[in-house]
Amino acid sequence: MNSTLRRGIYGWIAFAVVMVILPHVVGTGVTRSFVFAMYLAIFAVSWDIMSGRTGYISFGHPFLIGIGGYTTALLTYHLHWPLFLSIPTAVVITMIGGTLFFFPALRIRGTYFALVTLAFMELIYGLVQVIAPNVTGGTRGLSGLETIVTGAIPNYYLALVVLLVLGFTMWLVIRTHIGTALSAVGMDEDAVRASGINVTRLKLFAFMLSAFAAGLGGALYVHYLGSIAPRALFDVGFLFQILVACLLGGAGTISGPIAGAFFLTFLLEWLRPYFPGPERFLIYGAVALVLYVYQPNGLHELVRNGLKRLNQLKLSRNTS
Amino acid sequence: MLEAKDLSKSFGGLKALQQVTLRAEFGHSVGIIGPNGAGKTTLFNLLTGEIKADSGHVSLDGMSIDTEPIHERVKLGLARTYQVPRPFAEISVRENIRVSMMEDNLKYMLRVAWDDTGEQEIAESVGFTAQQLDQLPSELAMGDLRKLELARTLATNPKVLLLDEVFAGLTYGEIEHISNLLIERRKTHGTTYLIVSHDLKALQPLVDDVLVIHGGNVIKKGTFDEVVSDPQVQNAYLGTG
Amino acid sequence: MLQILVQGLVLSGFYALIAVGFTLIFSVGRVLNLAYGSFLMLGGYIYYQGAQVVGLPKFPSLIIAGIAGAVFGMLVYRILVKRLSGNVVAVEIATLILAVVVQAAVVLVFSPSPKSMWPLVPGVLRIGDASVTYNIFIAAVVSWILLGGLFLFTGMTHMGRAIRAVSMDSKGAVISGIDPERVNILTWAISGTFGAIAGVFLATYTQLDPNMWVTPLIIAVAVVIVGGIGSILGSLVAAHIIGMLETITTSLIAAELRGVATMLIIIAVLLVAPKGLFGKSEL
Ligand SMILES: Nc1ncnc2c1ncn2[C@@H]1O[C@H](COP(=O)(O)OP(=O)(O)O)[C@@H](O)[C@H]1O
Ligand SMILES: [Mg+2]
């Protein structure tokens with residue numbers, strides 16, 4: 001087996017072991033923060049598979065997450081569907097919604113694509129409040145939604161299983177030929193075609209995978225929260241968290257965005273005792289900005305450069 | 001057999017290519033010469049489908065490929081190099097070649113690349129060293145970038161290979177290496193080449209026929225010797241070229 | 001009918017003002033400044049601080065807001081954009097993060113609760129049986145004056161022509177001896193001023209709150225997309241298309257559909273004519 005792949009798999013095992021033990025070591029409050037961090041990580045993974053490598057930057061990911069969330073919320077709240085039906089339905093509907101991102105991607109890329117996805121997010125934010133507010137709950141949203149499990153620890157393990165399965169699968173996917181091809185699409189799409197690859201099908205695959213994760217994550221998340229509201233979901237602040245988690249962690253690597261999501265969530269938690277007021281969010285944003293400008297390729301790149309330097313150090317010591 | 005009939009293309013008012021007809025039997029190669037701006041690259045773009053022709057038809061092996069998208073034409077065996085190399089900038093030489101070697105189906109693509117003997121073989125055949133496989137295109141000199149272009153097209157296993165100024169910027173040694181490779185491949189695989197080049201000496205051993213394009217028109221067609229000795233060609237080609 | 005026309009025209013002028021600072025930066029520097037909404041927000045808050053907290057007269061407060069906008073614009077360029085120049089996506093993302101940081105800063109300094117502003121000019125203007133508030137009417141007039149000034153500036157003055165030259169062909173401009181650095185700084189300053197002044201009107205038109213940067217950013221993006229990225233004249237026409245369509249939807253169908261109409265226009269234009277109606281360049 002290829003050695004970087006093996007090291008990566010050991011990394012996943014170590015991560016899984018630590019995460020399984022963790023709730024027994026830390027308190028309920030921290031456990032709840034971890035639940036949030038894991039959902040953010042799931043959303044970040046979803047973003048990463050669509051945008052991290054391909055250059056189709058999504059500024060509208062909350063749109064997809066929101067479709068998943070609203071579908072299951074409406075089905076369970078109004079029609080009393082059982083969760084085991086409403087959640088898969090939500091995933092399917094989100095994947096259909098994902099084609100709304102895919103069709104523009106046939107014609108436009110880069111900034112234009114990013115803006116179209118942003119427009120989708122703002123569009124649905126407007127629509128949810130206006131169209132049938134008595135069904136969607138309008139601006140207030142819906143609360144008192146059914147929960148899947150109750151308590152911090154069961155929710156923790158539920159999120160953990162989903163994150164591990166989705167994250168590890170996506171991580172494997174980008175280590176196959178698909179990952180190489182997706183990177184190539186981000187660099188020169190026409191040259192990928194000239195290499196004999198059906199780029200449209202490849203993009204569709206990545207978008208559907210991304211929508212699957214967004215829909216599943218979104219559906220589980222609203223049942224964890226027990227409520228849903230347009231401003232909490234279709235919001236630039238929410239987009240900011242997903243985007244920054246991916247970028248600080250290292251877009252296109254899957255493991256990076258997961259690390260980024262944990263880092264962001266706990267940055268906010270660590271700051272809480274020192275800065276209980278609103279200055280916390282300012283510091284949090286400023287840290288994200290400085291880190292991003294310092295290394296646009298993220299934590300992943302920092303670690304890799306560090307390892308490279310360490311190796312060089314070792315080499316020079318061995319030769320001298 | 002690659003056949004193009006009456007291909008025309010205008011950009012705005014500029015007639016880049018007018019009624020160009022061309023035939024290359026399998027195993028039979030054609031050199032394409034002409035001054036800069038003559039329309040040689042445009043001809044390649046029309047053949048591969050990167051640009052839609054205003055009129056005219058292209059067929060491969062007797063089958064019309066006018067409606068086939070670029071990647072389908074590549075899979076049918078029609079591949080090209082770019083005049084300005086277009087490597088994937090942020091992945092290694094090995095991965096650049098891998099993109100071309102992949103089969104175009106998701107089931108195949110969902111495999112991890114366990115070994116890279118295929119990539120290595122192709123890279124070595126164009127003259128890369130083993131260490132260069134891990135380099136990024138940004139670390140390569142122009143000569144190596146041209147080799148990478150060639151390696152990537154060879155990796156698609158072409159029957160007809162369109163080579164756009166492959167020798168530009170190469171040393172004599174490199175030109176000779178690539179010429180030998182092409183000649184060898186033609187013997188073993190029967191590959192057809194369409195070669196755009198300003199270097200007539202390099203072209204001579206590789207092609208049977210030569211097509212001279214000037215201002216979007218084919219002004220002369222014939223064997224290599226016939227064409228280069230033609231006074232009209234010498235005038236047009238050596239005059240402005 | 002007349003009401004829709006008058007209101008639509010005035011709103012369109014206002015949208016043109018919101019968008020022009022955004023287009024200017026794109027046409028010159030080829031980057032999208034997603035922190036543009038923050039220029040408006042800062043303008044609004046600084047004016048509020050001057051006119052309603054310190055108690056300065058309105059006009060000097062407006063000038064101060066404009067100057068602060070210019071300074072902020074230049075700082076964003078110098079500290080952030082220049083460092084990332086050449087990486088278009090990185091600039092977009094960094095400016096988006098900056099917008100969220102500015103939002104947090106505003107919450108910290110001015111509290112998260114919305115503040116209502118006195119109109120710049122109180123009262124209602126009647127034209128026939130149509131009426132608009134003086135406030136939005138003045139906004140449109142200021143917009144026309146500023147846009148006219150910009151037009152003269154880029155046509156008549158040396159520096160203005162340099163801006164135009166860079167926006168058409170930046171390499172050619174460098175060859176002909178124009179310093180792109182000065183041109184960039186100047187456009188960011190102008191954009192900051194226009195943004196801040198538009199922000200004062202926006203705040204008096206709606207209200208001040210730390211989220212208020214999103215809507216104008218979306219409007220600017222919409223105008224620029226419909227007009228074609230990089231075309232100032234196109235943005236003007238597009239501002240009128242969007243302003244009119246919005247007025248028609250909100251007054252004939254439902255007031256809540258304001259943003260929805262704009263979004264649909266963006267999506268439709270991007271799909272049908274990705275370069276916009278007057279666009280000259282792709283990203
Ligand atoms: N995409 C394009 N748009 C506009 N004009 C083009 C385009 N591609 C080529 N041309 C023009 O067509 C003519 C032929 O170009 P090309 O085929 O590249 O010439 P050659 O490869 O023989 O040097 C040139 O005048 C060139 O400027
Ligand atoms: Mg050429």
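All chains are named by letter (A, B, ...) in the order of the sequence lines, taking the proteins before the strands, and each is independently numbered beginning at 1.
The choice from B:Leu78, B:Asn105, B:Val112, B:Asp115 that makes the most heavy-atom pairs within less than 4.5 Å of chain A is B:Val112. Comparing B:Glu90, B:Arg73, B:Arg152 by how many heavy-atom pairs each has under 4.5 Å with chain A, the most go to B:Glu90. Note: A:Asp188 leads A:Thr180, A:Leu172, A:Asp188 in heavy-atom pairs under 4.5 Å with chain B. Here B:Asp104 is the residue among B:Leu76, B:Val74, B:Asn96, B:Asp104 with the most heavy-atom pairs under 4.5 Å with chain A. Most heavy-atom pairs under 4.5 Å with chain A: of the set B:Lys75, B:Glu103, B:Met102, B:Met101, this distinction falls to B:Met102.
Contacts between B:Ala79 and chain A at a heavy-atom distance below 4.5 Å are absent for every atom of the residue. For chain A, the nearby parts of B:Tyr108 are the backbone and the side chain; heavy atoms of each come within less than 4.5 Å. If you measure heavy-atom distances from A:Arg175 to chain B, the contacts under 4.5 Å come from the backbone alone.
A:Arg109 forms a cation-pi arrangement with A:Tyr56, by the criterion of a distance under 6.0 Å to the ring centre and an angle within 45° of the ring axis.
Here the options are B:Thr81, B:Ile32, B:Ile51, the test is side-chain contact (heavy atoms from CB on, under 4.5 Å), and the partner is B:Phe44; only B:Ile32 passes. Checking B:Thr153, B:Thr156, B:Asn45 one by one against B:Arg80, the side chain to side chain donor-acceptor pair (under 3.5 Å) holds for a single residue, B:Asn45.
More than 12 non-hydrogen atoms from other residues, nucleotides or ligands lie less than 6.0 angstrom from CZ of B:Phe11. The environment of A:Arg304 atom CZ is sparse: at most 12 non-hydrogen atoms of other residues, nucleotides or ligands sit within 6.0 angstrom.
Between A:Phe102 and A:Phe207, the two ring planes are perpendicular [angle over 60°; tilted spans 30° to 60°].
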